[in-house]
Asker: 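Before anything else, here's the structure in question.
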Amino acid sequence: MNSTDVKDCIIVGGGIAGLQAAIQLGRYSVYSVAVIDRGTGRSVICRNYHNILGWPKGVSGRKLRELGRAQAESYGVNFIEDDIRQANRLGDYFELTGKDGTVYRAKTLLLATGLSDRFPDVPGLLETLGSTVYVCPDCDGYEIQDRKTVVLGTGEPGANMALLLSERTGDMTYVNHEGKPASAELMERLSKRGISYIEERVTEVKCKADGVISSIELANGQSIPAERGFIAFGGNRIHSDLARQLGAELEHNQHVKTDPRSKMTNVNHLWAAGDIGVHSELSTVAMGEGATAAIWINKELRKIADPSGNEH
């Protein structure tokens, strides 16, 4: 993109929300739309979404991104690989600066930059994450039904996750990897639910096949057999830096506040959708928010093109 070009809309983030918005905007057939993506995010890690309409056997995040990009490109949406580091508002336009100083400008802006889960650098964990080790109980609680399950976490986030999931299986172990304490009340509830509690550092997550967890290995030499796992460390990073730079209102947990109807922030012509917002963290909700934002971006672009509201 030439630094003097002004797009009708730039979408920062090529995950589920960003792609759905790009498809919707592309189908209006009249707008110049670019998706700027650095190729990371939750959907890159997830190997199998099982809760998406039309995919009863599951679909990987990478496959969804591949299909979504091709679909958006078929409508003329432009994709750019970059990492946006700065965002400013200059009069009627947004100005974005990439990692190497490339400048992008747009009349409207959708932030779909998501979040990153915090988890330790334990050998084998990344290979199982999104396949048989999960982060979201709403998305994947079903997958641990009556299976030997280990929650790998710390302190209260891990204890709360184990308690929430214990309705799914009677064979649950909570390994407090970082050793941060949970409240006495939570510890008592763990005990009453029959959840095994181990406070020990994890040294390896072992697999018996591609992405299939078989055990958790501990620093004390103990091995915990497992068929499924969850992580719960808290402290996830919300990628709301660009929203903050532009003056968008944030929640105390750094998620971006938006109008529930339109997904626009308190900053005119700035939208946010997906995991960056308050507070879905579901791929299916991200799709809906991306489409909703795009519909309202279309409305605003029509007003920009014809402030009088006259139909042509």
Side-chain angles (χ1 to χ4, degrees), residues 7-56 58-82 84 106-116 130 136 138-139 238-240 242-243 255-256 258-265 269-302:
K7 292 290 187 182
D8 289 311
C9 182
I10 287 178
I11 300 166
V12 182
I16 305 303
L19 287 170
Q20 189 68 65
I23 290 167
Q24 183 68 34
L25 280 171
R27 286 174 59 84
Y28 290 115
S29 304
V30 294
Y31 301 128
S32 56
V33 179
V35 176
I36 303 177
D37 183 42
R38 62 184 180 187
T40 61
R42 265 185 167 180
S43 56
V44 173
I45 294 173
C46 185
R47 295 188 177 199
N48 223 339
Y49 291 104
H50 286 97
N51 64 332
I52 295 177
L53 178 68
W55 297 92
V59 59
S60 72
R62 289 185 182 273
K63 183 66 173 178
L64 276 180
R65 288 170 70 109
E66 176 188 319
L67 293 171
R69 174 168 176 164
Q71 191 172 351
E73 286 178 329
S74 74
Y75 299 124
V77 175
N78 181 222
F79 281 76
I80 301 164
E81 184 179 342
D82 204 344
I84 300 301
K107 300 173 186 176
T108 62
L109 178 61
L110 170 60
L111 298 179
T113 44
L115 61 79
S116 296
C136 175
D138 296 303
C139 299
I238 316 304
H239 297 294
S240 54
L242 299 176
H255 286 273
V256 181
T258 60
D259 180 272
R261 186 182 182 197
S262 68
K263 312 313 299 180
M264 191 162 75
T265 71
H269 295 161
L270 173 65
W271 284 261
D275 287 349
I276 190 179
V278 185
H279 185 258
S280 62
E281 300 195 27
L282 284 167
S283 54
T284 46
V285 173
M287 287 182 188
E289 290 187 351
T292 297
I295 289 168
W296 285 84
I297 290 168
N298 169 56
K299 293 176 185 291
E300 290 301 312
L301 285 171
R302 286 177 175 272

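All heavy atoms count here, side chains included; hydrogens, waters and symmetry mates do not.
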Asker: Taking all non-hydrogen atoms of both residues into account, name the closest pair between L111 and I276 and its distance.
Answerer: O-CG2, 3.8 Å
Asker: Taking all heavy atoms of C9 and all of T108, pick out the closest pair and write down the distance.
Answerer: CB-OG1, 3.2 Å
Asker: Within the structure provided, determine whether W271 and T258 are in side-chain contact (heavy-atom separation under 4.5 Å).
Answerer: no
Asker: At what distance, to the nearest 0.5 angstrom, does CG of N48 lie from NZ of K63?
Answerer: 13.0 Å
Asker: For the side chain of Q20 and the backbone of A291, is there at least one donor-acceptor N/O pair under 3.5 Å apart?
Answerer: no
Asker: Once rounded to the nearest 0.5 Å, what's the spacing between atom CG of L110 and atom CD1 of I11?
Answerer: 5.5 Å
Asker: Are the side chain of D8 and the backbone N or O of V33 linked by a donor-acceptor pair below 3.5 Å?
Answerer: no
Asker: If you look at every heavy atom in A112 and G18, which pair is closest and at what distance?
Answerer: CB-N, 3.7 Å
Asker: So does E281 pair up with R42, basic N to acidic O under 4.0 Å?
Answerer: yes
Asker: With side chains defined as the heavy atoms from C-beta onward, is the minimum distance between Y31 and N298 less than 4.5 Å?
Answerer: yes
Asker: For the residue pair V77 and A22, what are the closest heavy atoms and their distance?
Answerer: CG2-O, 3.5 Å
Asker: Nearest 0.5 angstrom please: Q24 CD to W296 CH2, how far?
Answerer: 13.5 Å
Asker: Pick out which of L115, D275, V256 makes a side chain to side chain contact (heavy atoms under 4.5 Å, CB included) with I238.
Answerer: L115
Asker: Does a side-chain heavy-atom distance below 4.5 Å link L242 with L109?
Answerer: no
Asker: So, for A273 and G290, which heavy atoms are closest and what is the spacing to 0.1 Å?
Answerer: CB-N, 3.9 Å
Asker: Counting only N and O atoms by type, is there a donor-acceptor contact under 3.5 Å from the side chain of T265 to the main-chain atoms of L270?
Answerer: yes
Asker: If you look at every heavy atom in V35 and G13, which pair is closest and at what distance?
Answerer: CG1-O, 3.9 Å
Asker: Atom OG1 in T284, atom CG in L53: separation rounded to 0.5 Å?
Answerer: 10.0 Å
Asker: Can you check whether H239's main-chain N or O pairs, donor with acceptor, with T113's side chain at less than 3.5 Å?
Answerer: yes
Asker: Hey, what do you get for OG (S283) to CG (D138), rounding to the nearest 0.5 Å?
Answerer: 11.0 Å
Asker: Is a salt bridge present between R65 and D37, judged by a nitrogen-to-oxygen distance below 4.0 Å?
Answerer: yes
Asker: Distance only, no hydrogens: is a donor on one side chain within 3.5 Å (strictly under) of an acceptor on the other, for R62 and S60?
Answerer: no
Asker: Show, in sequence, the C-alpha distance, side-chain angles and deciding distance for L19 and F79, and conclude whether the side chain to side chain contact (heavy atoms under 4.5 Å, CB included) test is met.
Answerer: CA-CA 10 Å; L19 287 170; F79 281 76; 3.7 Å; yes
Asker: Between CD1 of I16 and SG of C46, what distance do you get to the nearest 0.5 Å?
Answerer: 8.5 Å
Asker: Report yes if some heavy atom in the side chain of L64 is under 4.5 Å from a heavy atom in the side chain of I52; otherwise report no.
Answerer: yes
